[in-house]
**Student:** 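One structure, pasted below without further comment.
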Amino acid sequence: CIDIIWVAGERQADYARRLGFRGHRIWYGFYCCDWERFNKVHVARETQGGRGFLFVGRYVPEKGLDLLLKAYERYRANVTEPLELRCAGAGPLKPLLLGKPGVIDLNFIQADEMPETFLASSIFVLPSSFEPWGVVIQEATASGMVVICSDACGAAVHLVQDQYNGYVFETGNVDELKNRLIIAASLSIEKSRTMGEAGHELSKQFKPERWADTLIMGIEAFPQ
């Protein structure tokens with residue numbers, strides 16, 4: 001019944017192979033962000049942009065927001081000049097953000113306003129316990145941000161290389177996440193920019209143009 005499986009990345013391709021798909025029957029790059037929009041953020045970051053942590057996602061348990069807040073509290077207890085944590089989203093865990101020192105709830109952000117939100121921070125954090133892909137990780141790397149994410153994030157396989165353009169921590173490990181927050185926040189401006197540039201290059205793997213080429217070339221090449 002199915003000729004082609006179009007997957008996001010390697011983890012999904014591995015699943016496809018387990019189902020019996022091989023070679024040209026597996027297409028890559030199904031998910032991609034509006035790369036040009038976030039590339040403009042990367043360019044602007046050379047002369048402007050703020051510092052701080054940013055979380056973007058639904059305020060639900062599987063996104064790891066409760067874990068992030070615990071890790072952030074421990075991070076603040078271990079540094080003298082803590083960075084702010086900005087959170088953009090909505091959901092049932094919203095009350096957890098109220099009254100937390102250093103935590104700013106930006107509420108739900110419309111897509112047109114998202115680039116400005118990324119520009120205002122320097123370190124993106126996605127501590128999900130369940131995240132098959134995570135397009136927001138590509139948005140962050142395209143924006144030139146240092147990225148911290150859990151090893152549950154499927155996009156990390158392609159877009160976050162530990163200590164190269166960010167840091168990957170064990171899913172659910174609050175102390176490991178806290179340590180990553182401390183390390184990322186202590187980076188020099190030069191090192192942060194270097195890692196951001198590295199991530200920006202990785203983000204180029206997935207663009208709308210590649211998506212279109214994959215579809216057109218795939219259809220043309222598929223045996224009739």
**Student:** Identify the two heavy atoms, one from L83 and one from A185, that lie closest to each other, and give their separation to 0.1 Å.
**Tutor:** CD1-CB, 3.8 Å
**Student:** Any non-hydrogen side-chain atom of C32 less than 4.5 Å from a side-chain atom of R210?
**Tutor:**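 Result no, sub-4.5 Å side-chain heavy-atom pair not found.
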**Student:** Do the side chains of L202 and H158 get nearer than 4.5 Å, heavy atoms only?
**Tutor:** no
**Student:** So which heavy atom on A155 is nearest to which on G134, and how close?
**Tutor:**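 That would be CB-O, 3.8 Å.
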**Student:** Within a strict 4.5 Å, meaning less than it, do heavy atoms of the L67 and L69 side chains meet?
**Tutor:** no
**Student:** To the nearest 0.5 Å, what is the distance between CG on D105 and SG on C87?
**Tutor:**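 Between D105 CG and C87 SG, I get 7.0 Å after rounding to 0.5 Å.
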**Student:** So which atom in P61 and which in L93 form the shortest heavy-atom distance, rounded to 0.1 Å?
**Tutor:**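 Residues P61 and L93, closest heavy atoms: N-CD1, 3.5 Å.
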**Student:** Would you say the side-chain atoms of H42 and E197 include a donor-acceptor pair closer than 3.5 Å?
**Tutor:** yes
**Student:** Which pair of non-hydrogen atoms, one from S129 and one from T171, has the smallest distance, and what is that distance?
**Tutor:** CA-CG2, 3.6 Å
**Student:** How many angstroms lie between CG in L215 and CD in E220, if you round to the nearest 0.5 Å?
**Tutor:**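 Result: 9.5 Å between the selected atoms.
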**Student:** Under the ring-ring contact (aromatic ring centres under 6.0 Å, His included) criterion, do W6 and W211 qualify, and how do the steps go?
**Tutor:** CA-CA 10 Å; W6 197 348; W211 189 98; 4.7 Å; yes
**Student:** Taking CD in E46 as the centre, count heavy atoms belonging to other residues, nucleotides or ligands within less than 6.0 Å. Is the count above 12?
**Tutor:** yes
**Student:** Hydrophobic clusters here meaning ILVMFWY residues chained together by side-chain heavy-atom distances under 4.5 Å, can you tell me if I137 and W133 are in one?
**Tutor:**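 The answer is yes; both residues are in one hydrophobic cluster.
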**Student:** When rounded to the nearest 0.5 angstrom, what distance separates CE in M114 from CG in D34?
**Tutor:**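 Output value for this atom pair is 12.5 Å.
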**Student:** Looking only at side chains, do H200 and N165 share a donor and an acceptor under 3.5 Å apart?
**Tutor:**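 Their side chains do not contain a donor-acceptor pair, so the 3.5 Å distance test is not met.
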**Student:** Any side-chain heavy-atom pair from F55 and V136 closer than 4.5 angstrom?
**Tutor:** no
**Student:** Using a strict cut-off of less than 4.0 Å between a Lys/Arg side-chain nitrogen and an Asp/Glu carboxylate oxygen, indicate whether R18 and D14 qualify as a salt bridge.
**Tutor:** yes
**Student:** Under the side chain to side chain contact (heavy atoms under 4.5 Å, CB included) criterion, do Q138 and Q205 qualify, and how do the steps go?
**Tutor:** CA-CA 9 Å; Q138 189 193 10; Q205 297 173 82; over 6 Å; no
**Student:** Taking I109 as the starting point, is it possible to reach V60 by hopping between hydrophobic residues whose side chains are less than 4.5 Å apart?
**Tutor:**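 No: no chain of side-chain contacts under 4.5 Å links V60 to I109.
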**Student:** Could you please spell out the steps behind the side chain to side chain contact (heavy atoms under 4.5 Å, CB included) verdict for F53 and V103?
**Tutor:** CA-CA 9 Å; F53 301 108; V103 177; over 6 Å; no
**Student:** With a 4.0 Å cut-off on N to O distance, would you call E176 and R180 a salt bridge?
**Tutor:** yes
**Student:** Less than 6.0 Å separating the ring centroids of F206 and Y31?
**Tutor:**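 Centroid separation for F206 and Y31: 6.0 Å or greater.
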**Student:** Do you know the tightest heavy-atom contact between G64 and P127?
**Tutor:**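 Nearest heavy atoms, G64 then P127: O-CG, 3.3 Å.
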**Student:** If you round to the nearest 0.5 Å, how far is OG1 of T214 from CD1 of I4?
**Tutor:** 11.0 Å
**Student:** Using the rule that Ile, Leu, Val, Met, Phe, Trp and Tyr join whenever any side-chain heavy atoms are under 4.5 Å apart, tell me whether Y59 and F130 fall into a single cluster.
**Tutor:**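 Per the 4.5 Å side-chain linkage, Y59 and F130 are not co-clustered.
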**Student:** Would the number of heavy atoms belonging to other residues, nucleotides or ligands and lying under 6.0 Å from NZ of K40 be above 12?
**Tutor:**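 Incorrect, the count does not exceed 12.
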**Student:** Does a sphere of radius 6.0 Å around NZ in K100 hold more than 12 heavy atoms from other residues, nucleotides or ligands, not counting ones at 6.0 Å or beyond?
**Tutor:**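 Check passes, neighbour count above 12.
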**Student:** Decide yes or no for F124 and V56: does some side-chain heavy atom of the first lie under 4.5 Å from some side-chain heavy atom of the second?
**Tutor:** yes
**Student:** Quick test of your reading of the model: are E201 and K204 salt-bridged, counting only N-O distances below 4.0 Å?
**Tutor:**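 Salt bridge present between E201 and K204.
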**Student:** Pair I123, L54 - check side chain to side chain contact (heavy atoms under 4.5 Å, CB included), show working.
**Tutor:** CA-CA 6 Å; I123 304 165; L54 174 67; over 6 Å; no
**Student:** Nearest 0.5 Å please: distance from the OG1 atom of T141 over to the CG atom of L159.
**Tutor:**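 Answer for the OG1-CG pair, T141 versus L159, is 5.0 Å.
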**Student:** Less than 4.0 Å between a side-chain N and a carboxylate O, is that true for D112 and R37?
**Tutor:** yes
**Student:** Under 4.5 Å between side-chain heavy atoms, hopping through other hydrophobics if needed: is there a path connecting V174 to L68?
**Tutor:** yes
**Student:** Is it the case that the side chain of S143 and the backbone of E139 share a donor-acceptor pair, with hydrogens and angles ignored and the cut-off at 3.5 Å?
**Tutor:** yes
**Student:** Roughly how far apart are S121 OG and L85 CG, rounded to 0.5 Å?
**Tutor:** 8.5 Å
**Student:** Please report the C-alpha distance between L98 and L96 in whole Å, then the side-chain angles of each, then the deciding distance to 0.1 Å, and finally whether the side chain to side chain contact (heavy atoms under 4.5 Å, CB included) criterion is met.
**Tutor:** CA-CA 6 Å; L98 300 178; L96 295 181; over 6 Å; no
**Student:** Using only atom types and a distance under 3.5 Å, with no angle test, would you say the side chain of N173 pairs donor to acceptor with the backbone of F169?
**Tutor:**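 No.
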**Student:** Assess the side chains of R76 and Y72: does a donor N or O sit below 3.5 Å from an acceptor N or O?
**Tutor:**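 There is such a pair (donor and acceptor under 3.5 Å, judged by atom type) between the side chains of R76 and Y72.
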**Student:** With the threshold set at 4.0 Å, does a side-chain nitrogen-carboxylate oxygen contact exist between R17 and E10?
**Tutor:**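 Yes, R17 and E10 are salt-bridged.
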**Student:** With no hydrogens and no angle check, do the side chains of N179 and Y167 hold a donor and an acceptor under 3.5 Å apart?
**Tutor:**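 Judged by distance alone, the side chains do not pair up.
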**Student:** Membership question, hydrophobic clusters at under 4.5 Å side-chain separation (ILVMFWY): are F30 and Y15 in the same one?
**Tutor:** no
**Student:** If the threshold is 4.0 Å, N to carboxylate O, is there a salt bridge linking E131 and K63?
**Tutor:**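 Answer for the salt bridge query: yes.
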**Student:** Do NZ/NE/NH1/NH2 and the carboxylate oxygens of R25 and D3 come within less than 4.0 Å?
**Tutor:** no
**Student:** Mind listing the closest non-hydrogen atom pair of S128 and S150 along with its distance?
**Tutor:** O-OG, 2.5 Å
